[in-house]
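Remember, predicted model here, so these are calculated numbers, not experimental data. All ligand and atom numbering here is 1-based and tracks the order in the structure. Because only heavy atoms are used, hydrogens play no part in the values below, and waters and symmetry mates are left out as well, while side chains stay in.
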Amino acid sequence: MMNSPENNEDEEKLAECPASSEEAGRSSVCEGCPGQTLCRMQGGPDPDQEIIDVRMGAIKHKILILSGKGGVGKSTVAYLLSLALAKCQSSKVGVVDLDICGPSIPKLLGVENQPIIQTPYGWKPLVSPNGDIKVMSVASLLDSDKTSVIFRGPRKTDTPPGTSDEHMSIVKLLKNAKPDGAVLVTTPQEVAMATMRKELSFCKKMGVTVLGLVENMSGLVCPCCKETTEIFPGSGVASLAESYGVPVLGSIPMDPMITECCESGRDPMENYPESPTVRSMMGISNHLISLINR
Ligand code: ADP
């Protein structure tokens, strides 16, 4: 899908829709489907494009956090980065979690199980317990944490967990809002780096500036002695970054204290400021601030 020409994209979307198959080609299949309007428009502009442009235009800096594959720590990096950015500059920070398959940001930022309030202007974002970060996620729109989201066809492509088709939709929707660029998250293993190469090519093709790479799980912080040990073999992101001419923003080790914070909703910046992961993330945040303010 990554290399599909753009005009094949809509055919692929329609192929995913049950109404496009002969077996299910009945109008009743479309009844109640949230993708009906998009289906009819078949690749035309998104009906919400104007409002997206207006609202995103009011936000000074927009940073995409992307990865080539799941499980490399995209959500963890987004979570730690939002905390670090809020701390570094006392800036107003918001996180939009566009993962529909396994949204975890509300839990990480301590707003799990809070209802979203509908206002005349749209959904009101939730606010993290310390008041620093605004949060919007599909997880907060579900009745319970056991409810799953089932989207097919065009509606699913509005929201990206990790494949290029969905990335493409979000990049297109944000085009007018001119994001600062993307932070790409990877782990040291060759299998993750291989997908990172594809992600870098994707960003180049789509005209998305790569602000830099973050190497997550670059080692393991021992819970006893706090020494960091390398656990995954790999050549490191430095040579990959060099060959694509993009900076490495930093490396963050795995720290069981961070995992504990992720599970409990506790703020690692407040509770474990000496964690190598926290210190590294503060460095990454400062690096990023200098890049976007250039
Ligand atoms: P993704 O969003 O890419 O699917 P996650 O951010 O959900 O990945 O990370 C997967 C798991 O690894 C989570 O349980 C998370 O707590 C853990 N994890 C990721 N990075 C770290 C880290 N640096 N230190 C500790 N745990 C981590």
So the atoms of ligand 1 within less than 4.0 Å of a heavy atom of Gly71 turn out to be 1 (P), 3 (O), 4 (O), 8 (O)
Is atom 11 (C) of ligand 1 close to the protein, meaning a heavy atom under 4.0 Å from it?
no
When you measure from atom 20 (N) of ligand 1 to every protein heavy atom, which one gives the shortest distance, and what is it?
Asn216 ND2, 2.8 Å
From Leu83 atom CG to Leu108 atom CG, the distance as rounded to the nearest 0.5 Å:
9.0 Å
Region of Met217 engaging ligand 1 - heavy atom pairs below 4.0 Å
side chain
Distance from atom 24 (N) of ligand 1 to nearest protein heavy atom, with residue and atom:
Asp255 N, 3.1 Å
From Asp267 CG over to Leu80 CG, what is the distance, rounded to the nearest 0.5 angstrom?
9.5 Å
Atoms of ligand 1 under 4.0 Å from any heavy atom of Lys74, numbered from 1 in the order shown, are 1 (P), 2 (O), 3 (O), 6 (O), 8 (O)
Protein contact to atom 26 (N) of ligand 1 [nearest heavy atom, distance to 0.1 Å]
Thr259 OG1, 3.0 Å
Strictly inside 4.0 angstrom of atom 2 (O) of ligand 1, do you find any protein heavy atom?
yes
Is it the side chain, the backbone, both or neither of Pro253 that has a heavy atom closer than 4.0 Å to ligand 1?
backbone
Return the option from Thr187, Val185, Thr76 holding the heavy atom at the smallest distance from atom 18 (N) of ligand 1.
Thr76
Give me the nearest non-hydrogen protein atom to atom 27 (C) of ligand 1 as residue plus atom name, then the distance to 0.1 Å.
Met254 CE, 4.1 Å
